[in-house]
Peer 1: 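If you scroll down you'll find the structure; I have some questions about it.
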Amino acid sequence: MAHENDDSKPAKANGTETEASSHFIKEIIEKEVAENKNDGRVHTRFPPEPNGFLHIGHAKAICVNYGLAEEFGGKYNLRFDDTNPAKEETAYVEAIMRDIRWLGFDWEDRLFYASDYFDQLYEFAIRLTKDGKAYVDDLTADEIREYRGTLTAPGKDSPYRNRSIAENLDLFERMKAGEFPDGSRVLRAKIDMAAPNLNMRDPVMYRILHAEHHRTGNKWCIYPMYDWAHGQSDSIEGITHSLCDISFEDHRPLYDWFIDQLGIHHPRQIEFARLNIGYTVLSKRRLIQLVKEGFVSGWDDPRMPTLSGLRRRGYTPEAIRTFCDRIGVAKRESMVDIALLEYCLREDLNIRARRMMAVLDPLKVIIDNYPEGQVEQFEAINNPEDESAGTRMIPFSREIYIEREDFLENPPKKFFRLAPGQEVRLKHAYYITCARVVKDENGRIVELHCTYDPESRGGGTPDGRRVKGTLHWVSAAHARDAEVRLYDRLFTRENPLEDEDFKANFNAGSLTAIRGCKVEPALADAQPGEFFQFLRQGYFCVDSVDTTENKPVFNRTVSLKDTWAKIAGKQ
RNA sequence: UGGGGUGUCGUCAAGCGGUAAGACACAAGCCUUUGGAGCUUGCAUUCGGAGGUUCGAAUCCUCCCACCCCAGCCA
């Protein structure tokens with residue numbers, strides 16, 4: 001009873017399966033769990049700063065942090081690292097939560113903010129001060145830099161380094177009370193100005209910032225620095241493994257130092273390499289420039305590597321997750337080929353997208369021997385990879401549109417499409433042969449006259465003759481107009497940052513909007529977010545922003561692999 | 001010239017002293033009513049380099065080379 005497809009196409013991943021690839025962090029956790037460290041608990045967190053939208057590089061971090069917790073039956077938190085009121089906004093908080101949920105992760109009731117801990121952090125700071133391990137410094141920012149020394153020369157102690165504990169306590173209290181202007185003083189950890197690791201040269205813990213915070217309002221005018229806030233926040237939440245970017249590797253001694261001085265729960269920080277992908281940039285700082293300077297329409301522009309951009313473009317969370325699983329986790333810096341992301345996408349879309357016919361660049365074809373006024377309905381399979389997707393009816397008539405590039409007056413070898421005297425199959429319909437080409441005064445082809453073989457109805461003939469080419473088409477009288485947007489890489493250089501101004505490498509041709517496309521009637525009711533495969537073209541989704549009642553806009557998510565383009569390219 | 005990292009196929013990436021996984025890409029072929037999908041096959045005598053230890057090294061030791069990160073009151 002087994003259907004052909006059932007045994008010939010087993011267990012091919014549907015994109016949501018996670019390849020259980022191991023990596024160094026997993027090994028560390030396995031070992032610790034086996035030793036019953038932290039009572040065998042695994043608790044991770046993803047700590048975004050709400051100063052921009054999440055991009056696919058963050059998706060990797062989320063998948064690593066959250067994926068590991070899931071794998072070990074642990075928990076994971078979402079914690080906004082909102083220690084710098086100057087850059088952070090509530091709008092970003094919301095966008096970030098939406099994107100993480102879309103990816104398929106649920107932090108349940110474990111949503112936190114570093115700002116939740118401002119009081120606790122302040123108390124911790126007083127403790128360190130009382131222990132003589134922190135002091136208020138009156139040096140200016142410039143002076144602090146000078147006193148810090150250089151990569152090769154040790155720093156020197158600030159003249160304020162040895163204030164009495166009482167004075168430090170008093171000054172710190174008054175810093176908090178708002179007695180001093182921005183930048184006039186800081187609280188610093190007293191560690192070692194000669195430490196070879198610059199992070200240990202009395203790092204700043206608090207700075208004065210009279211700024212309104214998106215959550216605490218005007219309660220505070222001193223704000224903790226990342227190094228002071230992060231580890232303690234991890235500790236307070238009972239995090240066991242604090243997984244972060246490799247660039248924090250030399251902050252780890254400081255991370256450990258603060259926690260050890262305080263004697264509180266000690267999470268383990270482990271660093272792994274961030275994701276890089278060619279022809280784009282994965283940095284909030286740079287992406288925000290593209291947004292603010294109008295290179296793109298917004299954070300969710302379909303060309304953006306942001307999760308909201310990818311979503312609008314038609315990427316599925318499953319594809320992104322599979323991608324994150326496949327790129328692995330290691331410490332070496334790398335540049336992942338976008339082809340892998342696209343492969344994961346096509347793999348997922350192939351089994352899920354309903355097939356439709358859409359002609360992007362229409363060329364009219366008149367079938368001379370087809371009865372005028374006659375309309376036939378052909379039943380078309382919606383998805384050969386998924387029988388449950390069912391079928392739909394497609395109208396056929398005497399005048400149709402085919403893709404302009406599917407006809408060549410003087411075809412090269414191996415061109416299996418339409419050409420004078422050459423026969424092709426119209427998908428789901430008939431075989432047609434090109435009889436005549438009509439051009440305008442400029443020599444541009446205006447329309448084609450063809451004849452059809454009534455015997456070929458449905459796509460085959462009694463004589464079983466071979467027809468190599470199959471074209472997509474749309475009945476002229478029944479077609480609907482649509483706009484289609486094609487996207488190309490965001491930048492023209494694989495590593496746009498190799499130039500002084502990365503924006504100079506912006507790909508001006510990254511967006512092509514095509515109006516006057518002809519799509520089959522079934523597409524008329526497509527709703528924003530719906531996705532399809534346009535036969536022989538690629539995967540497309542209905543744009544969720546610019547689509548209006550009578551004017552559907554389709555985004556090309558990714559093209560289909562194009563073997564002919566490869567062959568043609570070689571000729 | 002200080003400290004911290006990293007160097008295995010074009011791109012990712014396993015390998016944890018016993019004689020180079022896998023994936024993408026690429027190539028060839030099969031199949032095909034999407035030149036899609038699928039299937040088959042091929043693709044590192046070699047692991048940044050040079051020495052050394054060992055019966056045996058990508059894995060251990062030594063030295064060297066290259067690249068990345070750190071001198072924010074950003075995260």
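In the text below, chain A, chain B and the rest are named by the order of the sequence lines, each starting its count at 1.
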Peer 1: Is the ring of A/Y226 stacked on the base of B/A75, with centres less than 5.5 Å apart and planes under 30° off?
Peer 2: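 Here the ring of A/Y226 and the base of B/A75 are not stacked, as the 5.5 Å and 30° limits are not both satisfied.
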Peer 1: Look at A/R332 and B/A14 and indicate whether a side-chain polar atom (N or O) is within less than 4.0 Å of OP1 or OP2.
Peer 2: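 A/R332 to B/A14 OP1/OP2: side-chain N or O found under 4.0 Å.
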Peer 1: Could you please name the option among B/C74, B/C24, B/G35 that lies closest to any side-chain atom of A/F415?
Peer 2: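 Among B/C74, B/C24, B/G35, the one nearest the side chain of A/F415 is B/G35.
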Peer 1: Taking the side chain from A/N383 and the backbone from A/I351, do they hold a donor-acceptor pair closer than 3.5 Å?
Peer 2: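 A pair under 3.5 Å: yes.
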Peer 1: Salt-bridged, A/E71 to A/K26, with N to O below 4.0 Å?
Peer 2: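 Counted as a salt bridge, because a side-chain N and a carboxylate O are separated by less than 4.0 Å.
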Peer 1: Just the atom pairs and distances: protein N or O near nucleotides 67-69 of chain B's N or O, under 3.5 Å.
Peer 2:
{"unit_1": "B/C68", "atom_1": "O4'", "unit_2": "A/E333", "atom_2": "OE2", "d": "2.9"}

Peer 1: Using a heavy-atom cut-off of 4.0 Å across all strands, would you classify A/L139 as base, sugar-phosphate, or nothing?
Peer 2: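 Contact class for A/L139: base.
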Peer 1: Between the base of B/C16 and the side chain of A/E27, is there a donor and acceptor pair under 3.5 angstrom?
Peer 2: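 Indeed there is one.
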Peer 1: Measuring to OP1 and OP2 of B/G4, would you say a side-chain N or O of A/K331 lies under 4.0 angstrom away?
Peer 2: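 For B/G4, OP1/OP2 do not have a side-chain N/O of A/K331 under 4.0 Å.
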Peer 1: Can you see if the side chain of A/T83 gets near the phosphate of B/A75 - specifically, an N or O under 4.0 Å from OP1 or OP2?
Peer 2: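 Yes.
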Peer 1: Just checking A/S334: base, sugar-phosphate only, or nothing, at a heavy-atom cut-off of under 4.0 Å?
Peer 2: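 Sugar-phosphate only.
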Peer 1: Out of the candidates A/K284, A/R285, A/E88, only one should pair with A/N51 under the side chain to side chain donor-acceptor pair (under 3.5 Å) rule; please name it.
Peer 2: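 For A/N51, the side chain to side chain donor-acceptor pair (under 3.5 Å) test succeeds with only one of A/K284, A/R285, A/E88, which is A/K284.
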Peer 1: Do any side-chain nitrogens or oxygens of A/K566 fall under 4.0 Å of OP1 or OP2 in B/G35?
Peer 2: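 Checking A/K566 against B/G35: no side-chain N or O falls below 4.0 Å of OP1 or OP2.
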Peer 1: Paired with B/G51 by Watson-Crick or G-U wobble geometry, both distances under 3.5 Å: which nucleotide is it?
Peer 2: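 Answer to the pairing question: B/C61, which forms a Watson-Crick or G-U pair with B/G51.
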Peer 1: Students often get this wrong, so: under 4.0 angstrom with heavy atoms, is A/H230 touching a base, only sugar-phosphate, or nothing?
Peer 2: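 Contact class for A/H230: none.
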Peer 1: According to a strict under-4.0 Å criterion, is A/T563 in side-chain N/O contact with OP1 or OP2 of B/G36?
Peer 2: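 So the side chain of A/T563 is within the cut-off, an N or O lying under 4.0 Å from OP1 or OP2 of B/G36.
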Peer 1: Is the phosphate of B/A25 approached by A/R326 (side-chain N or O, under 4.0 Å from OP1 or OP2)?
Peer 2: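 No.
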Peer 1: Within the 4.0 Å heavy-atom criterion, would you say A/R145 contacts the bases, only the backbone, or no part of the nucleic acid?
Peer 2: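 A/R145: backbone/sugar contact only, no base atoms under 4.0 Å.
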Peer 1: Would you kindly check whether a donor in the side chain of A/Q533 faces an acceptor in the base of B/U34, or vice versa, at under 3.5 angstrom?
Peer 2: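 Present.
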Peer 1: Any salt bridge between A/E520 and A/R392, counting N to O under 4.0 Å?
Peer 2: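 Yes, charged N to carboxylate O under 4.0 Å.
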Peer 1: So, is A/R148 near the phosphate of B/G72, with a side-chain N or O under 4.0 Å from OP1 or OP2?
Peer 2: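 Result: yes.
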Peer 1: Could you classify B/G42 for me, syn or anti, using a glycosidic angle within 90° of 0 as syn?
Peer 2: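 Here the answer is anti: the torsion falls beyond 90° from 0.
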Peer 1: Verify the contact: side-chain N or O of A/R252 to OP1 or OP2 of B/G4, cut-off strictly under 4.0 Å; return yes or no.
Peer 2: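 Answer is no, no contact under 4.0 Å.
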